[in-house]
Asks: 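Pasting a structure here, questions to come.
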Amino acid sequence: MIFSRLALFVLIAVSPCDGFLLISPSRTSSVALLGKSSHPVISYIDSVPTASSFRRAASTKLSAGGFLGQEVDDDDDDDDDETVGGDSSSSSSSTSKIYKQTMTPDERKQNLAAMRQIFKYDLNDLQARADYAGWVQARKDLKRRQGKDPWFELNNKLKEAVLQDLGDALIDDLVAKIRAVGGPPPGVTHKRKYATVAEIYDSDMSLGKAEAIVQMEQQRLNSAKWAKLLAEREANEKKQAEEDANTNPYLKAEEEARKRREKTMRILYGKVEEERKKKAAKAKEIQEKYGVDKEAFMGGGSLLDKAIESAKKQLEETKLRQQQKGGLSSTGAADTNTPISGTTPSDAAAAEEEAAKAAASSSSNNGKRIPGDMDMTRGEIDVDIVDSSDLTTNNVRVQVSTSYNAAQSDPPMRKHSFAYTIRITNTSPTDSIQLLSRKFEIQTVGARQKDVVKGEGVTGRQPILKPGEAFEYTSSVPLSVRPLGTTIAAARMAGEYQFNIVDIDEAAGKDADGNPVVKVLSGPLSCQLGTFHFIFPEDQRVKPVRRASDEEDDDDDEDDDDSTSTTSPKAATTSSANKPATSVASTPSLPGDEDMKSGKILSATNDSSEVTTDGVKVKVTSQYREERSDPKMDKHCFAYNIRITNENDYAIQLTGRKFEIQTIGSAHKDVVAGPGVTGRQPVLQPGESFEYTSTAPLSVHPLPTTSVVARMQGEYTFTKVGDSQPRQAKLAVFHFVLPALDIA
């Protein structure tokens with residue numbers, strides 16, 4: 001029966017009937033609304049300990065302002081043990097506990113008044129204001145006050161004994177104990193043997209809760225009705241299926257066929273599983289026999305991918321062994337030079353590893369593209385074609401110069417490599433800065449889009465520049481581009497650096513990475529890298545067809561433009577792959593050593609040397625670069641690593657270099673000289689070192705009498721800081737030696 005809200009209100013408020021029965025939704029129990037007077041009372045008659053779970057479900061569902069996990073008691077007539085009596089044990093054990101009243105009647109009356117105030121007003125007010133902490137504290141205060149008066153616990157046990165019909169003896173014992181503690185507190189009257197929540201706290205059940213009880217009962221009735229209908233439907237369908245199976249021969253044959261198919265599939269699956277187990281056992285045997293890594297063997301990917309990955313791993317291990325043996329960077333001509341402190345070999349390895357990480361970081365950001373400049377796309381450049389730029393923005397000066405790297409280029413395959421040196425100077429008179437990141441835009445001639453390269457830091461670091469200080473580095477850019485007859489430019493590049501203005505905390509020392517501890521004052525700001533071009537060398541440009549006399553003039557011009565070295569019939573001299581060509585000047589060749597000319601080497605064929613001159617130690621090691629060599633074409637490439645250490649008690653500055661190189665079978669030495677070292681003039685404090693790696697591509701035919709293909713020696717010019725008097729540090733003689741198996 002469904003009651004409307006108004007009908008239910010009238011029924012509860014004024015109905016003179018003795019009561020009506022509502023069925024509990026989930027168990028064998030009933031709710032009786034008893035109405036002997038104008039104030040009806042709801043009691044739960046249950047065959048289980050309490051009906052609190054039913055009450056909680058209704059209250060929690062209908063409460064819109066309660067807290068998560070809160071049991072909203074509202075003003076129910078029958079609360080559970082937690083609300084009425086606080087902590088209590090089973091009624092059967094009540095005779096074993098002695099109850100004693102410690103409060104006077106006035107104290108009990110005041111205690112009851114405070115409890116009613118908390119129950120009827122404070123809890124609802126705190127709940128309405130969403131004050132969960134205050135609500136919990138009020139609940140604790142209510143329970144504490146209940147625990148002070150033993151009557152509440154005894155009343156709760158008496159209620160439980162009456163509802164569960166635990167026997168007259170237990171009920172009489174509890175009634176006697178209640179009388180012994182003074183009965184209920186003054187102001188509490190009850191009509192049953194025990195007092196209900198409404199009688200204790202002088203509150204009536206809310207209309208919403210009564211309506212919720214009726215709604216839940218109706219839902220239970222509807223659920224039971226639907227469950228009965230579904231059960232009847234399932235029974236009818238099952239009965240009909242059995243009748244069809246017994247009377248319809250087609251369905252009977254279909255069922256037998258289904259069973260046969262299932263049996264066949266079980267047999268097939270069993271054979272497949274057995275075959276799989278045999279293969280797994282065979283694979284395990286192979287792994288144990290040949291030491292195959294199980295995780296790699298069973299991992300994802302095709303066999304081809306695994307083979308390629310294995311080959312890459314072996315190549316990396318080979319390069320690592322070569323580095324450890326020869327002390328050279330695997331990055332070849334890529335510049336890894338920075339002033340470093342200390343003299344241990346681990347410093348160079350750390351610097352190389354840092355540069356490798358920076359290169360990996362840069363390459364990982366490639367791939368983003370933006371629309372390019374139309375003049376570069378057409379090959380008809382609208383601006384001046386310059387291979388350098390110098391621009392100052394936000395008190396930061398950025399200078400760049402470029403050079404063509406012939407050693408790492410392969411023109412027939414349209415591969416052209418360029419080196420560029422960037423110098424960043426803090427021109428502010430007061431502020432220190434820290435470089436954060438870089439962003440470059442590069443567009444090759446003929447391309448419609450620009451490649452955008454981003455990266456954190458500069459060469460893997462975030463250097464700090466005080467006022468007047470500069471940071472310089474050299475890097476390379478390999479381009480896949482075809483020269484056009486309308487321009488000499490290969491590519492255009494521009495960009496910017498991000499930096500912060502910082503305050504260096506000298507007292508805080510350095511952080512875990514060895515950088516000074518700084519405080520960011522402002523930023524990030526940007527400084528511009530002005531637009532510049534990578535320009536093809538003369539021999540790589542597209543030349544128009546001209547008269548024979550003009551070609552002879554061009555030959556003379558090419559001889560004049562050979563600014564790096566002179567070339568003998570059997571040998572080509574070396575040049576640093578990392579320094580700009582504009583910084584190198586060649587001098588006339590010198591007479592060579594007779595033993596190198598004849599191929600009968602008289603001195604030790606050392607591939608390294610170390611010498612100290614005027615307090616400056618110069619150490620060099622060399623290594624054959626097989627991957628860049630082609631013995632059939634008499635092309636042999638070597639890498640050499642030079643480490644310059646200041647062992648004086650004063651600072652020095654490297655200002656120039658001069659090398660003498662003689663290839664085997666040649667009667668002359670080629671001389672290469674230029675300012676600075678790799679385009680820089682580093683300052684070395686006492687104990688500091690400067691290290692760099694360069695390559696020497698040689699065109700030479702080895703002789704059968706020796707594995708030496710070239711001899712090299714030289715000197716570095718340096719000055720004491722504050723003194724312009726030049727001094728020399730010797731680079732002792734060493735040889736470029738072929739591996740034994742490569743001797744022709």
Side-chain angles (χ1 to χ4, degrees), residues 335 337-339 354-355 357-359 361-366 368-370 372-373 376 383-403 418-443 450-477 491-505 513 515-534 580 676 678-683:
D335 184 24
N337 58 82
T338 55
E354 184 179 8
K357 290 181 179 179
S361 175
S362 297
S363 62
S364 64
N365 288 285
N366 291 340
K368 296 183 179 179
R369 292 191 170 187
I370 59 176
D373 301 329
M376 285 294 293
V383 298
D384 293 336
I385 302 176
V386 293
D387 60 355
S388 63
S389 70
D390 188 342
L391 185 62
T392 301
T393 50
N394 289 327
N395 289 327
V396 178
R397 182 182 181 186
V398 182
Q399 301 168 274
V400 60
S401 60
T402 65
S403 64
F418 291 84
Y420 60 93
T421 300
I422 295 180
R423 182 180 180 87
I424 305 171
T425 306
N426 180 11
T427 61
S428 172
T430 57
D431 297 330
S432 297
I433 65 171
Q434 182 176 24
L435 299 177
L436 302 177
S437 62
R438 65 196 182 282
K439 176 184 176 183
F440 299 149
E441 297 178 1
I442 306 173
Q443 181 183 4
K450 297 180 181 179
D451 292 307
V452 180
V453 180
K454 298 180 181 179
E456 296 294 329
V458 183
T459 66
R461 297 183 296 167
Q462 293 184 337
I464 298 172
L465 303 181
K466 297 179 181 179
E469 287 188 343
F471 180 84
E472 183 174 311
Y473 70 97
T474 299
S475 187
S476 61
V477 52
R492 175 182 293 168
M493 179 170 168
E496 65 177 10
Y497 293 89
Q498 296 286 329
F499 66 93
N500 284 335
I501 297 178
V502 299
D503 182 22
I504 302 176
D505 189 353
D513 297 330
N515 297 321
V517 177
V518 298
K519 178 181 179 182
V520 177
L521 300 180
S522 64
L525 304 175
S526 64
C527 56
Q528 299 299 317
L529 171 64
T531 301
F532 63 97
H533 298 82
F534 296 108
T678 67
R680 306 174 57 183
Q681 293 184 344
V683 176

Asks: Quick check: do Y420 and F418 have side-chain heavy atoms less than 4.5 Å from each other?
Replies: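 Not in contact.
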Asks: Which of these, R369, R492, K454, K450, sits in a salt bridge (Lys or Arg N to Asp or Glu O under 4.0 Å) with E441?
Replies: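 Checked R369, R492, K454, K450 against E441; only one passes salt bridge (Lys or Arg N to Asp or Glu O under 4.0 Å): K450.
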Asks: For D431, what residues pass the salt bridge (Lys or Arg N to Asp or Glu O under 4.0 Å) criterion, not counting sequence neighbours?
Replies: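 Partners of D431 by the salt bridge (Lys or Arg N to Asp or Glu O under 4.0 Å) criterion come out as none, since no residue qualifies.
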Asks: For the residue pair V383 and H533, establish whether any side-chain heavy-atom pair is separated by less than 4.5 Å.
Replies: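 Yes, close enough: below the 4.5 Å cut-off.
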Asks: In Å and rounded to the nearest 0.5 Å, what is the OG1 to CZ distance from T474 to R680?
Replies: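 Taking OG1 in T474 and CZ in R680, the distance rounds to 7.0 Å.
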Asks: Minimum heavy-atom separation for S432 and K466, please, with both atom names.
Replies: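 Looks like OG-CA, 3.7 Å.
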Asks: Look up atom CD1 in I504 and atom NZ in K519, then write down how far apart they are to the nearest 0.5 Å.
Replies: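 Rounded to the nearest 0.5 Å, the CD1-NZ separation comes to 14.0 Å.
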Asks: Does Q528 have any side chain to side chain donor-acceptor pair (under 3.5 Å) partners at least two apart in sequence or in another chain, and if so, which?
Replies: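 Q528: side chain to side chain donor-acceptor pair (under 3.5 Å) contacts with E496.
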Asks: Taking salt bridge (Lys or Arg N to Asp or Glu O under 4.0 Å) as the test, write out the residues that go with D503, two or more places apart.
Replies: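 In terms of salt bridge (Lys or Arg N to Asp or Glu O under 4.0 Å), with neighbours along the sequence ignored, D503 is linked to no residue.
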Asks: Quick one: closest heavy-atom pair of S388 and S401, and the distance?
Replies: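 Shortest heavy-atom separation between S388 and S401 comes out as CB-CA, 4.1 Å.
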Asks: Rounded at 0.5 Å granularity, tell me how far OG in S526 sits from CG in L436.
Replies: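 Reported value, rounded in 0.5 Å steps: 11.0 Å.
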Asks: Got a second to check how far N394's CG is from C527's SG, nearest 0.5 Å?
Replies: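 It is 7.5 Å, given to the nearest 0.5 Å.
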Asks: Which one of T531, T402, I422, V400 satisfies the side chain to side chain contact (heavy atoms under 4.5 Å, CB included) criterion with S389?
Replies: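 Option passing the side chain to side chain contact (heavy atoms under 4.5 Å, CB included) with S389: V400.
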Asks: Run the salt bridge (Lys or Arg N to Asp or Glu O under 4.0 Å) test against K439 and tell me which residues pass, sequence neighbours left out.
Replies: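 Checked K439 against salt bridge (Lys or Arg N to Asp or Glu O under 4.0 Å); zero matches.
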Asks: Could you go step by step and tell me if F499 and N426 meet the side chain to side chain contact (heavy atoms under 4.5 Å, CB included) rule?
Replies: CA-CA 11 Å; F499 66 93; N426 180 11; over 6 Å; no
Asks: Quick one: ring pair (Phe, Tyr, Trp, His ring centres under 6.0 Å) partners of Y497, sequence neighbours excluded?
Replies: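 Applying ring pair (Phe, Tyr, Trp, His ring centres under 6.0 Å) to Y497 gives F440.
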Asks: Donor-acceptor pair, S428 side chain versus P467 backbone, under 3.5 Å?
Replies: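 No; judged by distance alone, with no hydrogens or angles, the pair does not exist.
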Asks: With the side chain counted from C-beta on, respond yes when L391 and V398 share a heavy-atom pair under 4.5 Å apart, and no when they do not.
Replies: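 No; the side chains remain at least 4.5 Å from each other.
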Asks: For I424, does its backbone N or O pair with a side-chain atom of R397 as donor and acceptor, under 3.5 Å?
Replies: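 No: the side chain of R397 does not pair with the backbone of I424.
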Asks: For the residue pair Q443 and D373, what are the closest heavy atoms and their distance?
Replies: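 In this case the closest contact between Q443 and D373 is OE1-N, 2.8 Å.
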Asks: For the residue pair F534 and F532, categorise the inter-ring angle as parallel (less than 30°), tilted (30 to 60°) or perpendicular (more than 60°).
Replies: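 Taking F532 first and then F534, their aromatic rings stand perpendicular (interplane angle over 60°).
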Asks: Please round to the nearest 0.5 Å and tell me the distance separating atom CG of L465 and atom CD1 of I433.
Replies: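 L465 CG to I433 CD1: 5.0 Å, rounded to 0.5 Å.
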Asks: My understanding is that only residues two or more places apart in sequence, or in another chain, count here; which of them pass side chain to side chain donor-acceptor pair (under 3.5 Å) with N500?
Replies: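 In terms of side chain to side chain donor-acceptor pair (under 3.5 Å), with neighbours along the sequence ignored, N500 is linked to no residue.
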Asks: Between E456 and Q462, is any pair of side-chain heavy atoms under 4.5 Å apart?
Replies: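 SC-SC contact between E456 and Q462 confirmed.
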